[in-house]
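Working notes for the structure below.
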Amino acid sequence: MSLILHLETSTTVCSVALSKNGKLNALKELNAGYSHAENLTDFCSEVLTQSKFTFKDLSAVAVSKGPGSYTGLRIGVSAAKGFCYALDIPLISINTLQHLALQVSTKNKLKDMLYCAMLDARRMEVYCALFDAQNNEVSATEAKIIDATSFAEILRHQKIIFFGDGAAKCKTLLEPNPNALFLDDVFPSAQDMISLAEKKFAAQEFENTAYFEPFYLKDFLVGGKQN
């Protein structure tokens, strides 16, 4: 049996899911600003209690590794590593943009388009990556400054659906292109990590708990305005 705790703290959403053998058992999440420090541990306890398990029953912990909020990622990864150390269980990391894209492609099932997951990186910059309908990465995760020419080459012959909390500020620039489509109110959720984490668990693709760090993508600027 695989019993995996999933932590998602890369944006304003604090989300925790518990899966058993690749199926969702319990979910607790809140989108109320950066309240991760106050809520994350309690949410972990709640999903376990709701499912009548304890921390000692866990097989692994999966964490959304980024990119995203520096502080949010640091809190989520610190908690995940703490659980893994204390319980002597493996750590699994999931690319935030990949599981966000999986959420959208699973719900929409549109095979003839690409899925662009975007997270806000301040000003006109976003963290983004393109995925196909099978959740294969088409373009690597990057920090991208958006202007009217962004994705122009691909949009000439391919529809792209844009989503995530970074997509709204790109809408005015990109929406005039008929191949650019937008979905509102799409946020990362720990439940969308489950299938990806289960595959990694079965393949024993684990992180080195001692040395694993979040995928910040950009350096943290001390004294600057950060999320």
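- Side-chain contact between F43 and C14 is present, with heavy atoms from C-beta onward closer than 4.5 Å.
- Residues L91 and V63 are in side-chain contact: their nearest non-hydrogen atoms beyond the backbone lie under 4.5 Å apart.
- Nearest heavy atoms, T141 versus N95: OG1-ND2, 3.5 Å.
- By the 4.5 Å heavy-atom criterion applied to side chains, E8 and E29 are not counted as neighbours.
- When the side chains of ILVMFWY residues are joined at heavy-atom separations under 4.5 Å, either directly or via intervening members, L58 and F83 end up in a single hydrophobic cluster.
- The aromatic rings of F162 and F151 sit perpendicular, their planes meeting at an angle over 60°, well past the 30° parallel limit.
- Looking at S93 and K200, their side chains come closer than 4.5 Å, going by heavy atoms from C-beta outward.
- Checking side-chain atoms of N39 against main-chain N and O of S35 turns up a donor-acceptor pair under 3.5 Å.
- Remark: K65 fails to qualify as a cation-pi partner of F212 under the 6.0 Å distance and 45° angle criteria applied to the six-membered ring.
- Transitive grouping of hydrophobic side chains (ILVMFWY, heavy atoms separated by less than 4.5 Å) brings V61 and L18 into a common cluster.
- The side-chain heavy atoms of T96 and L119, taken from C-beta on, include a pair separated by under 4.5 Å.
- In this structure, the side chain of S15 does not engage the main chain of S189 through any donor-acceptor pair within 3.5 Å.
- At least one donor-acceptor pair under 3.5 Å links the side chain of K169 to the backbone N or O of R123.
- Among pairs with a residue in residues 110-147, none fulfils ring-ring contact (aromatic ring centres under 6.0 Å, His included), at least two apart in sequence or across chains.
- A salt bridge links D184 with K171: at least one charged nitrogen is closer than 4.0 Å to a carboxylate oxygen.
- In this structure, CD in E213 is found 11.0 Å from CG in L73, a value given to the nearest 0.5 Å.
- Judged by distance alone, the side chain of S78 and the main-chain N or O of I75 form no donor-acceptor pair under 3.5 Å.
- Contact check for L173 versus I146: side-chain heavy atoms found under the 4.5 Å cut-off.
- The cluster map of Ile, Leu, Val, Met, Phe, Trp and Tyr, joined by side-chain heavy atoms under 4.5 Å apart, puts L3 and I194 in different clusters.
- One distance of note links CD1 of I160 with CG of N177; it measures 8.5 Å at 0.5 Å rounding.
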Problem set entry | Steps toward side-chain contact (heavy atoms from CB on, under 4.5 Å) verdict (I92, E205) | CA-CA 7 Å; I92 299 169; E205 293 182 27; over 6 Å; no
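- Across all non-hydrogen atoms, the minimal contact from L100 to P188 is CD1-N, 3.6 Å.
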Exercise. Which is it for L114 and I154 under the side-chain contact (heavy atoms from CB on, under 4.5 Å) test, yes or no, and what are the steps along the way?
Worked result: CA-CA 10 Å; L114 296 178; I154 300 174; 3.9 Å; yes
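- Shortest non-hydrogen contact noted between I4 and H6 is O-CD2, 3.2 Å.
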For this session: Let me see the working for E198 and S19 under side chain to side chain donor-acceptor pair (under 3.5 Å), right down to the final yes or no.
Result: CA-CA 9 Å; E198 188 69 19; S19 68; 4.8 Å; no
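- In this structure, the side chain of D192 does not engage the main chain of H99 through any donor-acceptor pair within 3.5 Å.
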For this session: Apply the test side chain to side chain donor-acceptor pair (under 3.5 Å) to residues T12 and N31: give CA-CA distance (whole Å), side-chain angles for both, the deciding distance (0.1 Å), then the verdict.
Result: CA-CA 6 Å; T12 56; N31 189 0; 2.7 Å; yes
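- To the nearest 0.5 Å, atom OG1 of residue T9 and atom CZ of residue R74 are 11.0 Å apart.
- For the pair C84 and P90, the tightest heavy-atom approach, listed with the atom from each and the gap, is SG-O, 3.4 Å.
- In this structure, F187 shares a hydrophobic cluster with V13, the cluster being traced through Ile, Leu, Val, Met, Phe, Trp and Tyr side chains under 4.5 angstrom apart.
- Within the 4.5 Å cutoff, the side chain of S64 has no heavy atoms near those of the I94 side chain.
- A donor atom on one side chain and an acceptor atom on the other are found under 3.5 Å apart for T54 and D57.
- Note that OG of S45 and CD of Q50 are 12.5 Å apart. Values are rounded to the nearest 0.5 Å.
- Residues F182 and F163 keep their aromatic ring centres 6.0 Å or farther apart.
- Crowding of D112 atom CG: a count of heavy atoms from other residues, nucleotides or ligands under 6.0 Å exceeding 12.
- The structure places NZ of K81 at 13.5 Å from CG of L7, a figure rounded to the nearest 0.5 Å.
- Taking each heavy atom of L130 and C116 in turn, the nearest pair found is CD2-CB, 3.5 Å.
- F201 contributes atom CZ, which lies 4.5 Å from atom OG of S59 (distance to the nearest 0.5 angstrom).
- Remark: the Q98 side chain and the N135 side chain contain an N/O donor-acceptor pair separated by less than 3.5 Å.
- Contact detail for F55 and C44: the closest heavy-atom pair is CZ-CB, 4.0 Å.
- Within 6.0 Å of atom NZ in K20, 12 or fewer heavy atoms from other residues, nucleotides or ligands are found, so the atom counts as exposed in its surroundings.
- Proximity of M113 to L181: side-chain heavy atoms (C-beta onward) are separated by under 4.5 Å at one or more points.
- Each of L24 and L196 belongs to its own hydrophobic cluster when Ile, Leu, Val, Met, Phe, Trp and Tyr are linked at side-chain heavy-atom distances under 4.5 angstrom.
- Note: the hydrophobic cluster containing L174 does not contain I161 (ILVMFWY, side chain heavy atoms under 4.5 Å, direct or indirect links).
- Side-chain N or O atoms of N179 include one that pairs as donor or acceptor with a backbone N or O of L155 at under 3.5 Å.
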